[in-house]
Amino acid sequence: MPPLFSRPLFRTFWITLLLLLIALGACELAGWPFLRAPAQQFLSEKLERKIVITAPFELHLLGGLYLRAGGLNVSAPEAFKVPHFVDVKEAELRLRYRDLLTLKPGDAYRIKSLRVQEIDARVLRNRDGVSTWQFKQDDQEPPRPFPIFENLVIHNGSAIVRDALAEADLDLHFNTQEGTEQTATKPASAAMQSNVDIEGKLRKQALRGHLSTSGFLPIASLKESNDTVRSKGWVEYGGLRADFDGQVADALGEQSIKGTLTVKGPSLSLFGNLVSTVLPTTAPFTLTTTLQKEGGLWLADVTSAHIGSSDLTGKFKYDLRPTTPLLTGDIRGKRFVLADLGPAFGTATEAEAGENAPRTRAIPDKPLNLPALNKMDARISILMDYVDLGSAFQRPIAPLKATLQLEKGKLGLADIDANTADGSLSGMISVDASKLNGLEAEVKKLPPEAIPVWRAELTWKNIDLYKWLKISQTQRETAKKENQPEPQPYLTGSLNGKAKLDGKGQTTAELLGSLNGNVFMTVRDGSVSHLIVEALGLDIAQALGVMIQGDSPVPLQCAVIDMQATHGILSPRVGLMDTPVTRVLTDGHIDMGKEQLDLRLVAKPKNVSPLTVRSPIHVQGSFLQPEVTIEKTPIALRVIGGIALGLINPLAAILPFVDPGNGKQASCAEVLQQLKQEATSAKTQH
């Protein structure tokens, strides 16, 4: 019997197999040119797009998929009225089979290598999430992110980016200049350089920038070896300038970034808008930070941040992976000037102030960007070594500790622990803007239920007014000219008090115009300017004597203000200043909404003077133009008695909360108790 392999049937099989292998080898060597038309049809059906592949065509299947074509045109979905998604001239594409076989719904397509002579792309996405890079529309399949390129070389490329979700309207131009051939002393890629230029608008602000990389285009993703691409570039965005020096990869995908960033601009809010982070409106700033981004996590170490006159540092993590991005970290400051944060509450920025527009309001009425509080959550620890309160104060807050928390549109500054002038400040401030979620910034008309709600609960203890209040330069110069001793503040003593307030509004003016609550303050163990006391009492003779002899301080036995706020109108339930020479009571109101004053100060001098005019003083008019007038008929005694009658209940309510003092002089408790007895007696007589 002949051997098995010599039988005719098996001999035919082996010959056929050999011929088939030879044919396949020949086709592989030739590049399967006859598959161009079937490949077009297959890809068009698979991707549900019109695909056009132009000659010369070369395809290799061994060890992965390799495609070289004279051109490749991928149409855009019919919903987009553009000529194509991608149009490529002279392209080489490499794919791994394992990347194709392991591709899951929602994953980005991974491209091992793409080299093209020329490319034009239309990167478009509608507000509903449908995009030109989303192939084979399937309601059950999540949208795919931008494709991941491991190696990308484009000699001449352009892209139009129109992304409604990111509010981007950008034009990009990019290219790669390949390096020289490898030599003994110079690697082949040493002179490779890629450039990206960008211009257009992002979130309604003009943007332009440039990025140069020593290697592949930064659109390419990280290689498996985690190599990065050395990059240097800049961005100008609505008056802001950012310069970067470091490594960038996968700029349109996972965005791997590491390097140093220097930013200078008119406000931190503009920088926050650029990087999709909520930052406050501030004075002009400059900051330097080391920056790192891997996947959805940003790490920033702010080594220097100068905001106006403030000097800050900080470390932050910004995690984009949760449904609502989360910012955590800490802010520290060698020096923080409170006025630098004024624009966050609607005060004019430097640019706005330069317009020289006439002021019509004292309180800012510029809408705050409160809807942005819903864009992220935050937990920030704050530690300021020195907080400058402004020109009226000689002592700063040093230090200031607090915790900033932002969750679901509710922002709170909690656990406030501050020290100044031997005293302390504690409490919390919060705003609930959760009902503004989904609304645009600076919404002009809100339904009542969506108006942000503000709350503040603050307590201050034992603040030494002598150390806290600053003496003006004019006072110092006058005392020096007249050989007088160093002047003292007009008011000294230990300041204590508390405030519990709430209001509504999306501007500072709306907030103050809707205030409800209470503010209570006392000053004990202090003194007040003799000239002010006599002026309040309208004792002309003694006032002239003070101006001639010098303004010596008068012991302040008691100063109390118990202010009630109702719908933005502040009324003193108790307003008292008591000295050995004069007692002053205050009534009336302050309308924060209309910015109007209507106060009456009534003084009862305790001494005898021939030129005492016992008439109340009226402080009226607007905040910008207050007017001080004297009531024509001298009826101070009758008026002060009338005010005292109305103080019985408020005095009974606040007496338990008044600090009795240290016994050096009549305490506030004693003065208030005496005033209560006088008011009760007057009521009995009536």
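Just so it is clear, the model here is predicted, and its values are computed rather than measured. This chain uses plain numbering: 1 for the first residue, then up along the sequence.
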Per the salt bridge (Lys or Arg N to Asp or Glu O under 4.0 Å) rule, what does the pair list look like for [range], sequence neighbours excluded?
| range | value |
| --- | --- |
| residues 298-309 | none |
| residues 403-417 | none |
| residues 232-242 | Arg208-Glu236, Glu236-Arg241, Arg241-Asp243 |
| residues 259-269 | none |

For [X], give me all partners under side chain to side chain donor-acceptor pair (under 3.5 Å), at least two apart in sequence or on another chain.
| X | result |
| --- | --- |
| Tyr318 | none |
| His173 | none |
| Asp163 | Arg125 |

State which residues pass side chain to side chain contact (heavy atoms under 4.5 Å, CB included) with [X]; sequence neighbours excluded, sorted by chain then number.
| X | answer |
| --- | --- |
| Arg395 | Thr420, Ala421, Lys467, Trp468 |
| Ala456 | Ile429 |
| Ile198 | Leu170, Leu172, Leu207 |
| Asn156 | Glu118 |

Point to revise | Listed partners of Asp330 passing salt bridge (Lys or Arg N to Asp or Glu O under 4.0 Å), at least two apart | key: Arg332
Practice item. Using a 4.5 Å cut-off on heavy atoms from C-beta on, say whether the side chain of Leu297 contacts that of Arg321. Key: yes
